[in-house]
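Take a look at the structure below.
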Amino acid sequence: MENINQDDAPILSETQPENIVNAKRYSPNNPPWNSIVAFFLWFVSVLLIAVVPALFLLPHLINQRIGFSDGEALVRFTQSDPTSLMLQIGAIIPAHLITLVLAWVIVTRLNTFSFTEMLGWKWGGFRWWHAVFLLASVFAMMLATSSIFGQQDNDLMRILRSSRVIVFMVAFMATFSAPIVEEVVYRGVLYSAFQRSFGIPLAVVFVTLVFSAVHFPQYWGDYSTLITLTFLSLVITLIRVKTNNLLPCILFHFVVNGLQSIVLILEPYLPEALNATKPVGQIFHFI
């Protein structure tokens, strides 16, 4: 019986499909893509957020006979015209979808590997009380920084004040689109490759800062939000480090943004006492 088992072992392994054999070599911390490819995905994701809304906006600008020679006037129009704002925000969804498709191609090598297995679709020991503790820490940071620095205005808050339709659009995008796409790009593809190439500490610092820096333009000048955003980016990156999986990062990102969306949508209906000194929605920050 022993000789039969020994003889059978290599035959069984040889008959396994090649993609299954190769997949066993890879894991979320040893991905089938390198840092150059990961950086390329990140660069394209940022480029799409800039280019796709511009393409959606172009026909409207032409129809409104908005001149392109006066840059300041063009910026003022695109940041104040409700239709322009809705077009730009709505265009983020197709930009996210294109990014997700490209990420799927990179992660799976055109369906050679499992998308979820290569990114880590398990809880990795992450429990509900971990999420509660971390959520309390994040929102405590939001309140603390708001108390220390006050609440400066930022581009996002100005956009949200333009109309209730835009509030709902931003809330939908921030809750259902951004957590998946951004986590796949940053804590999925980018972190996985960089921690293998440069080690965990450098990967944590790099991904935390790059994620924050991409969001800085819309919050620039609002120090409370910038600090909270960086802290939140660090927390989510450390979740990825501790669990070795992307799923807990997506869930945590979803809950943080979802809670903020609920508060923002309900803000007009909250008791006036809560908004006496500072609008409740301005305490919260989307990522």
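The shown structure was predicted, so the numbers you read here are calculated from the model rather than taken from an experiment. In this chain, residues are counted from 1 in sequence order. All values below come from the heavy atoms of this structure, side chains included, with hydrogens, waters and symmetry mates left out.
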Can you list, pair by pair, the side-chain donor-acceptor contacts under 3.5 Å of residues 50-60, counting residues two or more places apart and other chains?
from: His60; atom 1: NE2; to: Asp81; atom 2: OD2; distance (Å): 2.9

Residues 242-250 side chain polar contacts: donor-acceptor under 3.5 Å, at least two apart:
from: Thr243; atom 1: OG1; to: Ile239; atom 2: O; distance (Å): 2.8
from: Thr243; atom 1: OG1; to: Asn245; atom 2: N; distance (Å): 3.3
from: Thr243; atom 1: OG1; to: Asn245; atom 2: O; distance (Å): 3.2
from: Asn244; atom 1: OD1; to: Asn29; atom 2: ND2; distance (Å): 2.8
from: Asn245; atom 1: OD1; to: Trp121; atom 2: N; distance (Å): 3.3
from: Asn245; atom 1: OD1; to: Lys122; atom 2: N; distance (Å): 3.1
from: Asn245; atom 1: ND2; to: Thr243; atom 2: O; distance (Å): 2.9

Asn257 (side chain) donor-acceptor with Ala174 (main chain) under 3.5 angstrom: yes

Any chance you could measure Trp33, atom CH2, to Tyr26, atom OH, to the nearest 0.5 Å? 10.5 Å

Kindly give the heavy-atom pair with the smallest separation between Thr175 and Ser261, and that separation in Å. OG1-OG, 2.8 Å

Any sub-3.5 Å donor-acceptor pair from Ser192's side-chain atoms to Val189's backbone N or O? no

About how many Å separate CD1 of Ile49 and CD of Gln88, when rounded to the nearest 0.5 Å? 11.5 Å

By ring-ring contact (aromatic ring centres under 6.0 Å, His included), which residues pair with Phe126, not counting sequence neighbours? His130

Within a 6.0 Å radius of atom OH on Tyr223, are there more than 12 heavy atoms belonging to other residues, nucleotides or ligands? no

Taking every non-hydrogen atom, the tightest pair across Val184 and Leu100: CG2-CD1, 4.2 Å

Answer with yes or no whether the hydrophobic clustering places Phe254 together with Leu264; edges join I, L, V, M, F, W, Y residues whose side-chain heavy atoms lie under 4.5 Å apart. yes

Can you see which heavy atom on Thr228 is nearest to which on Val138, and at what distance? CG2-O, 4.5 Å

side-chain hydrogen bond (donor to acceptor under 3.5 Å, both in side chains) pairs, two or more places apart, involving residues 39-49: Trp42-Tyr186

Please say whether more than 12 non-hydrogen atoms of neighbouring residues, nucleotides or ligands are located less than 6.0 Å from CZ in Phe43. no

Under 6.0 Å between the ring centres of His215 and Phe211? yes

Report yes if some heavy atom in the side chain of Val185 is under 4.5 Å from a heavy atom in the side chain of Glu182; otherwise report no. no

Is the backbone of Val256 close enough, under 3.5 Å, to the side chain of Gln260 for a donor and an acceptor to pair up by distance? yes

Check whether Ser233 reaches the backbone of Leu229 with its side chain - one donor and one acceptor, N or O, closer than 3.5 Å. no

For the residue pair Val263 and Leu259, establish whether any side-chain heavy-atom pair is separated by less than 4.5 Å. no

Would Leu87 end up clustered with Ile159 when hydrophobic side chains under 4.5 Å apart are linked, directly or stepwise? no

Indicate every side-chain donor-acceptor pair of residues 90-98 with a distance under 3.5 Å to a residue at least two apart or in another chain.
from: His96; atom 1: ND1; to: Ser177; atom 2: OG; distance (Å): 2.3

If you take all heavy atoms of Pro28 and Gln195, which pair is closest and at what distance? O-NE2, 4.4 Å

Same cluster or not: Met86 versus Ile265, using hydrophobic residues (I, L, V, M, F, W, Y) connected whenever any side-chain heavy atoms lie under 4.5 Å apart? yes

Rounded at 0.5 Å granularity, tell me how far CH2 in Trp128 sits from CG in Leu251. 14.0 Å

Take a 6.0 Å sphere around CZ of Phe133 and say whether it holds more than 12 heavy atoms from other residues, nucleotides or ligands. no

About how many Å separate CD1 of Ile66 and CG of Leu61, when rounded to the nearest 0.5 Å? 6.5 Å

Please report, to 0.1 Å, the donor-acceptor pairs under 3.5 Å made by any side chain of residues 101-108, with sequence neighbours excluded.
from: Thr108; atom 1: OG1; to: Trp104; atom 2: O; distance (Å): 2.6
from: Thr108; atom 1: OG1; to: Leu110; atom 2: N; distance (Å): 3.3
from: Thr108; atom 1: OG1; to: Asn111; atom 2: N; distance (Å): 2.9

Distance col, row Thr145:OG1 vs Leu143:CG, nearest 0.5 angstrom, shows 8.0 Å

Which of these passes side chain to side chain contact (heavy atoms under 4.5 Å, CB included) with Asp222: Asn154, Leu156, Asp155? Asn154

So, does Arg240 use its side chain to make a donor-acceptor pair with the main chain of Gly188 at under 3.5 Å? no

Tell me who clusters with Leu209, hydrophobic residues only, linked when side chains sit under 4.5 Å apart either directly or through other members. Val205

Is it possible for you to say whether Leu226 and Phe139 belong to one hydrophobic cluster, with membership spreading through side-chain heavy-atom contacts below 4.5 Å? yes

Pairing residues for Ser197 by the side-chain contact (heavy atoms from CB on, under 4.5 Å) criterion, not counting sequence neighbours: Ser35

Do Val255 and Val132 land in one hydrophobic cluster if side-chain heavy atoms of ILVMFWY residues count as linked below 4.5 Å? no

Check which hydrophobic residues are tied to Val75 through side-chain heavy-atom contacts below 4.5 Å, counting indirect links as well, and list them. none

For Phe40, does the CZ atom sit with more than 12 other heavy atoms under 6.0 Å from it, leaving out its own atoms? no

Can you list, by chain and residue number, the hydrophobic cluster partners of Ile36 when the side-chain cut-off is 4.5 Å? none

Which residues satisfy the ring-ring contact (aromatic ring centres under 6.0 Å, His included) test with Phe206, sequence neighbours excluded? Phe194

Test item: Arg187 side-chain N/O and Ile236 main-chain N/O as donor-acceptor pair under 3.5 Å: no

Could you name each residue pair satisfying ring-ring contact (aromatic ring centres under 6.0 Å, His included) that touches residues 143-174, not counting sequence neighbours? Phe172-Phe176

Gap separating the CD atom of Glu267 from the CD1 atom of Ile262, nearest 0.5 angstrom: 14.0 Å

Side chain of Ser84, backbone of Thr78: donor and acceptor closer than 3.5 Å? no

